[in-house]
Visitor: 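Here it is, the structure in full.
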Amino acid sequence: MLRRASMLLACRPILAARARPFSTDLPAAPSADATFTEAWTKVIPNMDPPKTPLSFMQPRPPTPSSIPSKLTVNFVLPYASELATKEVDMVIVPATTGQMGVLPGHVATIAELKPGVLSVHEGSEMTKYFVSSGFVFIHANSFADIIAVEAVPLDRLDVNLVQKGLAEFTSKLSSATTDLEKAEAQIGIDVHSALNSALTG
Amino acid sequence: MAMAALRREGRRFAPLISPRPITAVRSSPIVPTHEDEGPIGVRYISTQVVRNRMKSVKNIQKITKAMKMVAASKLRAVQTKAENSRGLWQPFTALLGDLPSVDVKKNVVVTISSDKGLCGGINSTSVKISKGIYKLNSGPEKETKYVILGEKAKAQLVRDSKKDIELIITELQKNPLSYTQVSVLADEILKNVEYDALRIVFNKFHSVVSFVPTVSTVLSPEIVERESESGGKLGELDSYEVEGGETKGEILQNLAEFQFSCVMFNAVLENACSEQGARMSAMDSSSRNAGDMLDRLTLTYNRTRQASITTELIEIISGASALEG
């Protein structure tokens, strides 16, 4: 009972002390949690309320008044974090509307990605990845989050397999009967032709 | 000595069902001793029963130790995957925030649990939290449905909330967990269930001994629009330009689906880690208990054995002294 009372009074520091955070998880100070915690303790007084993702995230810095010099990029894939809060000069993302260049101070944007080449420019070096698809969020504080389902560096792609795949899907499209098959074949063609142009262009 | 042993065995096999109260062994009430009455009322205690018990406890200890090792190796494998996937949901929370206290009409609680048992209390915790969320979101015009992943939660929720269960998915871990599998699953759920808010309940893996029950909320695009228009947490969402697509709604729809599959992937991996960790600690404490039990049984066995030797000696000596004197 005392523990619950103290928890109601001072949620954040006690939660932080008891949560034993990883070095990558830092407790933030979210206000949505307070309403949830209160509502929870009213209805279910015997159990501790569950944690929410906000308490596991590092808080993002607020929008600075002047344009920062570097863009902070988080490039995440389901099986790895390719780039985590890396400071770069520019990224070019393959959005559905075409190649989009992102510089520090870019306006806040949500864009969907199509299969294509993503290039990260840092000083004089440039790293290229082929991304299958995903989303990019550009925040006002010059943070860019790129979430892709699959991304490979360009040198890992095999030209012959790409050509074979393209031919295969083109034939599938011509022999497709249902809408679903047509859509699947079209997706295959899109990805493979993007791969092709990535390798040749 | 051998004759005495044979005599003892013979007597033991005769009346095994003894209605007399068991007072011979004082310390361990767990050991059922079988008493045979000697001619003078002297009681023989059989060591066979204690020995059998010791053998079975030792086997159980071996099995639980092996299960702990297996769980440790599985944990190592899944842990790297889960830690790598931790970056996946953070951009979504950074963009859309987290609104567990959002007020919506149709809630869907996705409970993630394990298929196999012997993993401590994590499944019961998940089910309790799910039921708590159900209660929290109950009200007029509001409905909450369950989507269950895993056998253990199914067993618990089917008992009292059968009518609220929409979808049950089991045997998730038959093949190693991958994003493709989880996205197919997420697609199934999104197709079959109407939702305004999806609340995913799982155990987040902090360390081998600590698993934190967590709930992640994913909102449907309509609710996201509603919340961003009304200001508050999502008020800044309007300031974001939306590139591509015909309408903003289309992009938000894709975004919500992508967010759900990413959050599910991370949740399933974290739950798998928590399951293996919980199983490790459960099996560890059970091997330790078995070891304690074995110690107690060994003491009982030795006492029993020494008591029967002493009784035998007394018999011989009293017989001898009766002959002499």
Side-chain angles (χ1 to χ4, degrees), chain A residues 19-22 24-25 30-40 42-44 47-60 74-82 84 95-98 100 107-114 134-140 143 145-147 149-150, chain B residues 81 83-95 97-102 125-126 128-129 131-133 135-136 138 178-180 182-183 201 204 206-207 210 212-217 232-233 236-237 239-245 248 250-252 254-255 258-259 261-263 265-266:
Chain A
R20 273 202 277 140
F22 271 131
T24 47
D25 303 327
S31 48
D33 272 5
T35 23
F36 179 64
T37 331
E38 281 165 28
W40 177 276
K42 250 189 286 180
V43 184
I44 304 120
M47 273 201 297
D48 286 338
K51 296 272 170 32
T52 49
L54 266 177
S55 52
F56 299 123
M57 242 187 71
Q58 266 177 330
R60 295 286 177 89
N74 287 325
F75 180 25
V76 285
L77 302 167
Y79 51 83
S81 284
E82 242 351 281
T96 39
T97 48
M100 190 164 83
V107 70
T109 313
I110 303 173
E112 201 176 333
L113 301 175
K114 65 168 190 227
F135 267 85
V136 62
F137 308 143
I138 308 164
H139 303 276
F143 263 70
D145 293 312
I146 309 171
I147 313 149
V149 177
E150 185 67 64
Chain B
K81 270 205 226 171
E83 282 177 5
N84 286 337
S85 79
R86 278 217 179 113
L88 199 58
W89 53 265
Q90 291 186 2
F92 292 106
T93 318
L95 178 74
D98 188 44
L99 297 157
S101 51
V102 70
T125 332
S126 290
K128 268 194 267 184
I129 302 266
K131 288 191 183 162
I133 293 181
K135 213 163 131 189
L136 197 66
S138 56
S178 70
Y179 183 71
T180 3
V182 177
S183 52
V201 177
K204 192 167 162 78
H206 268 202
S207 78
S210 137
V212 183
T214 317
V215 62
S216 290
T217 320
K233 318 284 172 343
E236 301 171 359
L237 196 61
S239 66
Y240 282 76
E241 287 259 337
V242 178
E243 289 264 338
K248 182 175 173 182
E250 202 182 295
I251 301 281
L252 280 182
N254 290 343
L255 187 65
F258 191 43
Q259 181 187 10
S261 73
C262 289
V263 174
F265 183 61
N266 185 57

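Naming: A, B, ... by sequence-line order, numbering from 1 per chain.
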Visitor: Which atoms of K131(B) come close to chain A, meaning under 4.5 Å heavy atom to heavy atom: side chain ones, backbone ones, both, or neither?
Guide: neither
Visitor: Using 0.5 Å steps for rounding, measure from the NZ atom of K204(B) to the CG atom of N266(B).
Guide: 5.5 Å
Visitor: Please determine, among N254(B), V182(B), V242(B), the option with the most heavy-atom pairs under 4.5 Å with chain A.
Guide: N254(B)
Visitor: Tell me whether the centres of the aromatic rings in F92(B) and F137(A) are closer together than 6.0 Å.
Guide: yes
Visitor: With a 4.5 angstrom heavy-atom cut-off, which part of I138(A) approaches chain B: side chain, backbone, both or neither?
Guide: backbone
Visitor: In terms of heavy-atom pairs under 4.5 Å with chain A, which of S178(B), S85(B), C262(B), P213(B) leads?
Guide: P213(B)
Visitor: For chain B, find which of Y79(A), F135(A), F143(A) contributes the most heavy-atom pairs closer than 4.5 angstrom.
Guide: F135(A)
Visitor: At a heavy-atom distance under 4.5 Å, which candidate from L88(B), V215(B), T125(B) has the highest pair count against chain A?
Guide: V215(B)
Visitor: Taking side chain as everything from C-beta outward and backbone as N, CA, C, O, which of these in A39(A) sits under 4.5 Å from a heavy atom of chain B? Side chain, backbone, both or neither.
Guide: both
Visitor: Counting C-beta onward and ignoring hydrogens, is there a side-chain heavy-atom pair between H139(A) and Y240(B) closer than 4.5 Å?
Guide: yes
Visitor: Please examine the side chains of E150(A) and L77(A), heavy atoms only from C-beta on, and report whether any two atoms are closer than 4.5 Å.
Guide: no
Visitor: Under 4.5 Å, counting heavy-atom pairs only, tell me which of V76(A), V43(A), T109(A), D145(A) racks up the most with chain B.
Guide: T109(A)
Visitor: Side-chain contact test, heavy atoms from C-beta onward, threshold under 4.5 Å: evaluate it for T52(A) versus T217(B) and give yes or no.
Guide: no
Visitor: In terms of heavy-atom pairs under 4.5 Å with chain B, which of A140(A), P78(A), A111(A), G98(A) leads?
Guide: P78(A)
Visitor: Quick one: list whatever passes side chain to side chain contact (heavy atoms under 4.5 Å, CB included) with I44(A), sequence neighbours left out.
Guide: W40(A), M47(A)
Visitor: So which residue, G87(B), P91(B), S216(B), ends up with the most heavy-atom pairs under 4.5 Å with chain A?
Guide: P91(B)
Visitor: Going by side chain to side chain contact (heavy atoms under 4.5 Å, CB included), name the residues that satisfy it together with S261(B), two or more places apart in sequence or in a different chain.
Guide: Y179(B), S183(B), A186(B), F258(B)
